[in-house]
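Counting starts at 1 for both ligands and their atoms, following the listed order. Numbers here simply count residues along the sequence, with the first being 1.
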Amino acid sequence: MRDFDEHTITQAVVDRLADTPDPRLKAVLTSLVRHLHDFVRDVDLTFAEWQAGIAFLTRTGQTCDAHRQEFILLSDTLGVSMLVDAINHRMPEGATETTVLGPFYVQEAPERPNGADIAGPLEGTPLLVTGSVAAADGTPLGGASVDVWHADEDGAYDVQQLDRLGGLAGRARFRTDAEGRFHFWTIMPTWYPIPDDGPVGDMLKATARHPNRPTHVHFMIAAPGHETLITHVFSADSPWLDSDAVFGVKDSLVAAFAEHPPGTAPDGRRMERAYRYLAYDFGLKPAADTRAA
Ligand code: BEZ
Ligand code: FE
């Protein structure tokens with residue numbers, strides 16, 4: 001076969017995939033080729049635009065290193081991450097909704113006891129977080145692991161300022177008690193821009209978009225027999241809730257980080273200064289193999 005034109009080339013490429021042994025790879029690649037070709041025809045892509053696209057993707061790869069994943073950021077800002085999330089996390093009643101993991105999760109977070117203050121050297125308005133973890137049917141899950149991490153009052157994560165802080169801060173792993181409860185103190189985070197000094201930032205500027213994410217605390221919650229929950233809780237009084245740069249906000253994940261005057265906090269701690277308080281209860285979806293059994 002030769003002499004392909006703009007109409008016949010697509011089927012020729014699809015035919016060339018006919019012997020792909022892995023059926024899923026064959027299906028995914030075939031669909032990718034069809035959509036990619038349709039896109040090129042749809043916009044009548046010029047040669048200069050094709051070159052610019054290749055240069056953009058090349059720079060995106062070159063911006064990645066051990067600490068920065070510009071391709072995931074590109075996926076996040078084009079809504080692909082949340083689309084994959086939506087397809088893969090259709091949640092039953094009683095299970096908390098999911099959202100993006102983001103680039104600032106650390107696998108080896110320090111294990112801390114319930115009630116610990118995880119702010120370390122971070123300064124800001126004290127924040128008390130209390131919560132519970134249950135199965136979707138409401139059964140409390142004792143012994144669940146609860147990873148939390150959040151930005152500081154300037155919108156920076158610990159891993160973005162390790163030299164200044166001298167270590168991790170504003171992150172920890174807790175275990176729920178027998179009633180599925182956990183609680184800890186930290187400081188109130190604020191909204192922040194995603195890293196926008198690379199190709200993704202250029203794309204946001206070229207499309208007149210801002211890079212900001214609303215104020216949130218990240219949670220990753222794991223318990224045997226359940227799907228690991230990756231989510232955030234957003235502060236109801238934050239700007240950008242309706243224009244999150246990575247499309248991660250869901251109504252069910254927005255909660256009050258209530259302002260409290262000095263006094264006795266809900267965990268019994270005597271507070272000499274004003275503080276904020278977030279209370280949020282999480283539900284976990286049964287693992288796929290548990291539901292099949
Ligand atoms: C975050 O919330 O940490 C985040 C998520 C997506 C992209 C950048 C940051
Ligand atoms: Fe974040």
Original post:
What are the atoms of ligand 1, with element, lying closer than 4.0 Å to any heavy atom of His216?
Top reply: 2 (O)
Original post:
Taking heavy atoms and a distance under 4.0 Å, where does Leu73 meet ligand 1: side chain, backbone, both or neither?
Top reply: side chain
Original post:
Charged N to carboxylate O under 4.0 angstrom, Asp85 versus Lys250?
Top reply: yes
**OP:** Could you find the nearest protein heavy atom to atom 1 (C) of ligand 1 and give me its residue, atom name and distance?
**Re:** Tyr192 OH, 2.7 Å
Subject >> Tyr157 to ligand 1, any heavy atom closer than 4.0 Å >> reply: yes
**OP:** Look at atom 5 (C) of ligand 1 and find which of Ala245, Ser81, Gly102, Pro193 reaches it with the closest heavy atom.
**Re:** Gly102
**OP:** Note the single closest protein heavy atom to atom 9 (C) of ligand 1, along with its residue, its atom name and the distance in Å.
**Re:** Pro103 CD, 3.2 Å
**OP:** Could you list the atoms of ligand 1 found under 4.0 angstrom from a heavy atom of His218?
**Re:** 1 (C), 2 (O), 3 (O)
Subject >> Stepwise side chain to side chain donor-acceptor pair (under 3.5 Å) test for Glu97 and Ser252 >> reply: CA-CA 7 Å; Glu97 291 195 285; Ser252 66; 2.5 Å; yes
**OP:** State whether the shortest distance between N or O atoms of Asp76 and N or O atoms of ligand 1 falls below 3.5 angstrom.
**Re:** no
Original post:
Mind checking whether Tyr192 and Leu278 sit in one hydrophobic cluster, side chains of I, L, V, M, F, W, Y counted as touching below 4.5 Å?
Top reply: no
Subject >> Straight-line distance of Leu165 CG to Asp152 CG, nearest 0.5 Å >> reply: 7.5 Å
**OP:** Spell out the protein N/O/S atoms under 2.8 Å from the Fe ion (ligand 2) as residue plus atom name.
**Re:** Tyr157 OH, Tyr192 OH, His216 NE2, His218 NE2
Subject >> Arg171-Thr186 side chain donor-acceptor pair, cut-off 3.5 Å >> reply: no
**OP:** Give the ring-plane orientation class for Tyr157 versus Phe104, where under 30° counts as parallel, over 60° as perpendicular and anything between as tilted.
**Re:** parallel
Subject >> Electrostatic pair Asp197:Arg68 at N-O distance under 4.0 angstrom >> reply: yes
Subject >> Proximity of His210 and Trp240 rings by center, below 6.0 Å >> reply: yes
**OP:** Hey, can you tell me if His218 and His216 have their rings parallel, tilted or perpendicular (30° and 60° cut-offs)?
**Re:** perpendicular
Original post:
Are any of the side-chain nitrogens in Arg276 or Asp237 under 4.0 Å away from the carboxylate oxygens of its partner?
Top reply: yes
